[in-house]
Amino acid sequence: MSSILIKSATLVNEGKTFQADVFIKDGFIEQINEGIDRKADLEINAEGLHLLPGCIDDQVHFREPGLTHKATIYSESRAAVVGGITSFMEMPNTVPNTITQQLLADKYAIGAKNSLANYSFFMGATNTNLEEVLITNAKDVCGIKVFMGSSTGNMLVDNEKTLDALFSSTPMLIATHCEDEGTIRNNLEIFKAKYGDQLKPWMHPLIRSAEACYKSSSFAVALAKKHNSRLHVLHISTAIETNLFENTLPLREKRITAEACIHHLWFSDQDYAEKGNWIKWNPAIKTMTDRDAILQAVLDNRIDIIATDHAPHTIEEKSQSYSHAPSGGPLVQHGLTAMLDLFKEGKIQLEKVVEKMAHNPAICFHVEKRGFIREGYWADLVLVDLNKSNQVTKSNLLSQCQWSPFEGHTFNSSVTHTIVSGHLAYDQGNFKELKMGERLLFN
């Protein structure tokens with residue numbers, strides 16, 4: 001269908017909440033006004049619903065190619081769309097790692113064929129591929145990913161000369177995973193000496209400690225300041241790290257930005273007793289004090305973006321002992337509804353949720369014509385019912401791994417419709433897959 005008319009929606013956009021109709025034609029928002037009287041191929045009655053710009057998730061791991069027993073771009077993009085995420089940026093630690101221009105092109109080919117959401121893929125940096133990194137096209141690739149902590153995969157960049165050369169030479173956004181590997185290894189040896197093979201999930205934030213995070217992220221910030229690099233520090237997990245970032249400049253002028261993730265805003269180390277490996281992430285979920293400080297930094301704009309770090313593994317993999325269970329878990333289906341719960345609890349304004357999950361990723365990454373409800377922009381839109389509860393059960397999970405750290409929880413809001421690049425991709429439980437998402441472009 002080439003045109004859609006959304007009637008009587010409550011729009012949440014650019015700090016304002018107001019009622020209007022939205023007319024979409026050929027993929028783009030053509031008109032925003034009250035009482036639009038035009039014929040469309042599809043009319044959606046949005047009375048009682050809130051219309052948000054689609055979320056742009058700047059950090060996901062969709063596992064394809066090479067790890068498709070965990071997830072695929074097809075399966076996880078569907079879960080994202082159900083969760084109100086209309087665009088994603090996917091990480092390079094697949095198999096093989098995305099560290100050449102050909103491997104990057106291969107991923108884009110998969111995305112074009114199989115992604116229901118709009119897509120972009122990071123180019124991965126290693127200790128030896130700087131020349132390949134430097135020829136990445138900034139117009140159609142979201143950024144360069146650097147693992148300054150090994151996390152999952154084998155992409156640890158720990159050579160200081162390499163890091164210095166990278167930060168000094170690329171004009172593109174550098175997104176970093178910051179955990180100091182030496183500190184983590186020393187902590188692990190201490191815990192092994194004391195507990196042997198009986199390590200438990202509650203030890204995770206002590207092994208992958210706040211000190212490890214701060215040592216690495218402060219080093220990254222220092223490098224960026226030294227070279228005036230464009231640095232984006234992913235998944236801040238500690239209170240002390242929030243002090244590395246400033247809120248004195250508008251986002252468009254910042255050279256150093258930061259991201260918070262859903263799990264670090266929702267869970268704390270008190271939850272390991274119940275959740276165990278199901279909330280084992282890198283960086284680790286830490287204390288309630290850390291959780292509250294991260295939310296405060298989101299609210300006062302030291303942290304600019306909220307993302308998911310969606311990183312699925314199989315139930316069998318996560319059911320292993322702590323030492324053998326991989327880190328990461330699925331979140332794209334419930335990231336927005338989790339934040340809407342925090343809104344309903346009075347912890348964050350609805351306009352701020354939209355700012356951090358849609359507007360700011362678009363600004364931070366210079367995404368072309370997305371992230372806002374504006375005439376002339378791509379129609380990436382989400383309708384949510386703030387009064388329709390949504391219980392998470394195994395039967396309604398869309399991620400291929402078929403588990404969630406939120407299983408059993410009932411969210412207070414639900415996504416009813418998701419429009420991706422002007423195409424109604426999800427409609428009250430039904431997918432419409434005649435059209436795939438678009439490749440993101442960047443200014």
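Sequential numbering from 1 along the given sequence is applied to the chain's residues. Because the structure is predicted, anything quoted here is derived from the model rather than measured.
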Polar contact flag, side-chain donor to acceptor under 3.5 angstrom, [X]-[Y]:
| X | Y | result |
| --- | --- | --- |
| Thr393 | Ser395 | yes |
| Ser389 | Asn412 | no |
| Ser2 | Asp41 | yes |

So do [Y] and [X] actually touch side chain to side chain, heavy atoms under 4.5 Å?
| X | Y | answer |
| --- | --- | --- |
| Asp21 | Asn33 | no |
| Glu14 | His359 | yes |
| Leu188 | Leu199 | yes |
| Asp427 | Lys432 | yes |
| Thr257 | Cys364 | yes |

Check your understanding: Does Phe88 have its ring centroid less than 6.0 Å away from the ring centroid of Phe62?
Key ->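 Between Phe88 and Phe62, the centre distance is under 6.0 Å.
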[X], [atom1] atom: more than 12 neighbouring heavy atoms under 6.0 Å:
| X | atom1 | value |
| --- | --- | --- |
| His69 | NE2 | yes |
| Gln428 | CD | yes |
| Lys435 | NZ | yes |
| Lys25 | NZ | no |
| Asp37 | CG | no |

Closer than 3.5 angstrom, by distance alone: can the side chain of [X] be matched with the main-chain N or O of [Y] as a donor-acceptor pair?
| X | Y | result |
| --- | --- | --- |
| Asp180 | Lys215 | no |
| Ser216 | Ala212 | no |
| Thr242 | Ala239 | yes |
| Ser399 | Gln402 | no |
| Thr72 | Thr68 | no |
| Ser229 | Phe167 | yes |
| Lys318 | Gly328 | yes |

Review point. Going through the checks in order, is the side-chain contact (heavy atoms from CB on, under 4.5 Å) test met by Phe442 and Ser120?
Key: CA-CA 10 Å; Phe442 306 90; Ser120 191; 3.5 Å; yes
Exercise for review: Apply side chain to side chain donor-acceptor pair (under 3.5 Å) to Ser321 and His324, showing your working.
Suggested key: CA-CA 5 Å; Ser321 66; His324 292 97; 3.0 Å; yes
Can you name the closest pair of heavy atoms from [X] and [Y] and give their distance?
| X | Y | value |
| --- | --- | --- |
| Asn118 | Glu438 | OD1-N, 2.8 Å |
| Ser75 | Gln400 | OG-CB, 3.7 Å |
| Ala220 | Cys178 | CB-SG, 3.9 Å |
| Gly371 | Ala362 | CA-CB, 3.9 Å |
| Gly437 | Val420 | CA-CG1, 4.2 Å |

Check your understanding: Does the pair Tyr426 and Thr416 meet the rule for a side chain to side chain donor-acceptor pair (under 3.5 Å), with working shown?
Key -> CA-CA 8 Å; Tyr426 175 73; Thr416 62; over 6 Å; no
Exercise for review: Applying ring-ring contact (aromatic ring centres under 6.0 Å, His included) between His235 and each of His310, His177, His61, report the one that passes.
Suggested key: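 Of the listed residues His310, His177, His61, the ring-ring contact (aromatic ring centres under 6.0 Å, His included) partner of His235 is His177.
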To the closest 0.5 Å, what do you measure between [atom1] ([X]) and [atom2] ([Y])?
| X | Y | atom1 | atom2 | answer |
| --- | --- | --- | --- | --- |
| Ile44 | Leu383 | CD1 | CG | 6.0 Å |
| Leu299 | Ile294 | CG | CD1 | 12.0 Å |
| Phe431 | Leu424 | CZ | CG | 11.5 Å |
| Met148 | Leu156 | CE | CG | 9.5 Å |
| Ile56 | Leu440 | CD1 | CG | 7.0 Å |
| Leu11 | Ile32 | CG | CD1 | 6.5 Å |

Review point. So His313 and Arg63, side chain to side chain donor-acceptor pair (under 3.5 Å) or not? Walk me through it.
Key: CA-CA 9 Å; His313 300 282; Arg63 304 303 189 197; 3.2 Å; yes
Tell me the salt bridge (charged side-chain N to carboxylate O under 4.0 Å, His left out) pairs involving [range], sequence neighbours left out?
| range | value |
| --- | --- |
| residues 330-359 | Glu345-Lys347, Lys352-Glu355 |
| residues 379-404 | Arg370-Asp380, Lys394-Glu407 |
| residues 65-91 | Lys70-Glu317, Arg78-Glu433, Glu90-Lys107 |
| residues 230-257 | Lys254-Asp304 |

Review point. Using the ring of each side chain (for Trp, its six-membered ring), is Phe411 parallel, tilted or perpendicular to His409, with breaks at 30° and 60°?
Key: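 The rings of Phe411 and His409 stand perpendicular, inter-plane angle above 60°.
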Exercise for review: Please lay out, stage by stage, how Phe28 and Phe23 fare under the test ring-ring contact (aromatic ring centres under 6.0 Å, His included).
Suggested key: CA-CA 9 Å; Phe28 293 89; Phe23 188 83; over 10 Å; no
Exercise for review: Hey, could you give me each pair passing side-chain hydrogen bond (donor to acceptor under 3.5 Å, both in side chains) that has a residue in residues 258-275? Not counting sequence neighbours.
Suggested key: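 Sorted result for residues 258-275: Gln59-Glu259.
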Exercise for review: Quick one: which residue pairs count as a side-chain hydrogen bond (donor to acceptor under 3.5 Å, both in side chains) with a foot in residues 283-296, not counting sequence neighbours?
Suggested key: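 Residue pairs with at least one partner in residues 283-296: Ser237-Lys286, Thr287-Asp290.
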Check your understanding: Under a 4.0 Å N-O cut-off, is there an ion pair linking Arg208 with Glu179?
Key ->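 Counted as a salt bridge, because a side-chain N and a carboxylate O are separated by less than 4.0 Å.
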Review point. Do Lys139 and Glu368 sit within salt-bridge range, that is, some charged N less than 4.0 Å from a carboxylate O?
Key: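 Looking at Lys139 and Glu368, the cut-off is not met.
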Check your understanding: Passes side-chain contact (heavy atoms from CB on, under 4.5 Å), Leu104 versus Val141? Steps please.
Key -> CA-CA 9 Å; Leu104 186 60; Val141 177; 3.9 Å; yes
Exercise for review: Please step through side-chain contact (heavy atoms from CB on, under 4.5 Å) for the pair Leu381 and Leu52, ending with a clear verdict.
Suggested key: CA-CA 6 Å; Leu381 302 167; Leu52 320 179; over 6 Å; no
Point to revise | side-chain contact (heavy atoms from CB on, under 4.5 Å) assessment of Val233 paired with Leu231 | key: CA-CA 6 Å; Val233 184; Leu231 171 67; 3.8 Å; yes
